[in-house]
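Below you'll find the structure, written out as C-alpha cells, and then a few comments.
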Amino acid sequence: GDSVTQMEGPVTLSEEAFLTINCTYTATGYPSLFWYVQYPGEGLQLLLKATKADDKGSNKGFEATYRKETTSFHLEKGSVQVSDSAVYFCALHLNFGNEKLTFGTGTRLTIIP
Amino acid sequence: KAGVTQTPRYLIKTRGQQVTLSCSPISGHRSVSWYQQTPGQGLQFLFEYFSETQRNKGNFPGRFSGRQFSNSRSEMNVSTLELGDSALYLCASHPTSGDSNEQFFGPGTRLTVL
C-alpha cells in the first residue's frame, strides 16, 4: 500500500543552522506531496506542497523538491529560527475523489537559541 | 473566512461510554475528513464525508462512525470506548472545487479515556 517514511526524530539544532528532514514515499500512481507543521496544542498547518515531479514547494524559507526518480520530498531550510520548533509531517495524496492523506510518523524539531 | 472549528477541544470519558465529536468545515467546503493522532500510531485516516455520504473509510472498527449534515458539518461517534481510543482527533475540510487538493485542519479534540 501507499506509505511515507520520514526521518526519525527528535532533531535538535542551534539557531541559524541548516535543516534537512528526509521523506521518501511509496505510492501506486503519481501522488501530490505535502509538508504539514504542527505547533504545540494545535492542528496541522500546510507548510508547502508539490503536485508533480520536479516541482519545488516553498514557504517561510522552507523548500522541498518532488523527486520522482528517488521517490523523495526532503524538507530543507537554510537558517532555522527558534519559532520553527514544531513537529513536521510529510504526507501524500493520490486521487481526487479520495481525500485521504497518508502521513509519515512526524519529526519533532527543537531549535536552541 | 473562519477556519475549521472542532468542539469540544477536550473531553474525558470512561471505558464503555460513547462520545460524539463535532466539526464545522470552512464555509463552502463540502468534504470533511477525520484523522486519529496517537503517539504510537501517528496520524491515521478514519473516514471522509462528502455531500452527506461517506466516501472513504480507513481501517477502524465499526465502533467508529460518522455522519455529515446538509450544511457540511460533521460528527464522529465512538461507542464502547476503550483506553486505546485516547487520542487527538483531527478534522480536515477540503474545497472539492478547482484544482486545489489542500486540506485545512482544525485544532483537534483531545479525548482521554480513563
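The structure presented is a predicted model; accordingly, all values stated were derived computationally and were not measured. A note on names: the letters A, B, ... follow the listed sequences, proteins ahead of strands, and every chain is numbered from 1. Keep in mind that the numbers below use all heavy atoms, side chains included, and drop hydrogens, waters and symmetry copies.
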Flag side-chain contact, heavy atom, 4.5 Å: [X] against [Y]:
| X | Y | answer |
| --- | --- | --- |
| B:Ser33 | A:Glu99 | yes |
| B:Gln37 | A:Phe89 | yes |
| B:Leu88 | A:Gln38 | yes |
| A:Phe103 | B:Phe45 | no |

### Query
With no hydrogens and no angle check, is any side-chain donor or acceptor of B:Tyr35 less than 3.5 Å from a backbone partner on A:Lys100?
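Side chain of B:Tyr35 to backbone of A:Lys100, a donor-acceptor pair under 3.5 Å: no, none is there.
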
Over 12 foreign heavy atoms within 6.0 Å of [atom1], [X]:
| X | atom1 | answer |
| --- | --- | --- |
| B:Arg15 | CZ | no |
| A:Tyr39 | OH | yes |
| B:Asn71 | CG | yes |
| A:Glu15 | CD | yes |
| B:Lys57 | NZ | yes |
| B:Arg110 | CZ | no |
| B:Gln17 | CD | yes |

### Task
Sort A:Leu44 into side chain, backbone, both or neither according to what part of it lies under 4.5 angstrom from a heavy atom of chain B.
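Contact with chain B is through both the backbone and side chain of A:Leu44.
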
### Query
So what's closer than 4.5 Å to chain B heavy atoms on A:Gln45: side chain, backbone, both or neither?
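For A:Gln45, there is no contact with chain B at all, as no heavy atom is under 4.5 Å.
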
### Message
Taking side chain as everything from C-beta outward and backbone as N, CA, C, O, which of these in B:Arg9 sits under 4.5 Å from a heavy atom of chain A? Side chain, backbone, both or neither.
### Response
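Just its side chain gets close to chain A.
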
### Query
B:Leu43 versus chain A, heavy atoms under 4.5 Å apart: side chain, backbone, both or neither?
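The answer is both parts of B:Leu43.
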
### Task
Could you tell me the separation between the CG atom of A:Leu101 and the CD atom of B:Glu48, rounded to the nearest 0.5 Å?
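Rounded to the nearest 0.5 Å, the CG-CD separation comes to 10.0 Å.
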
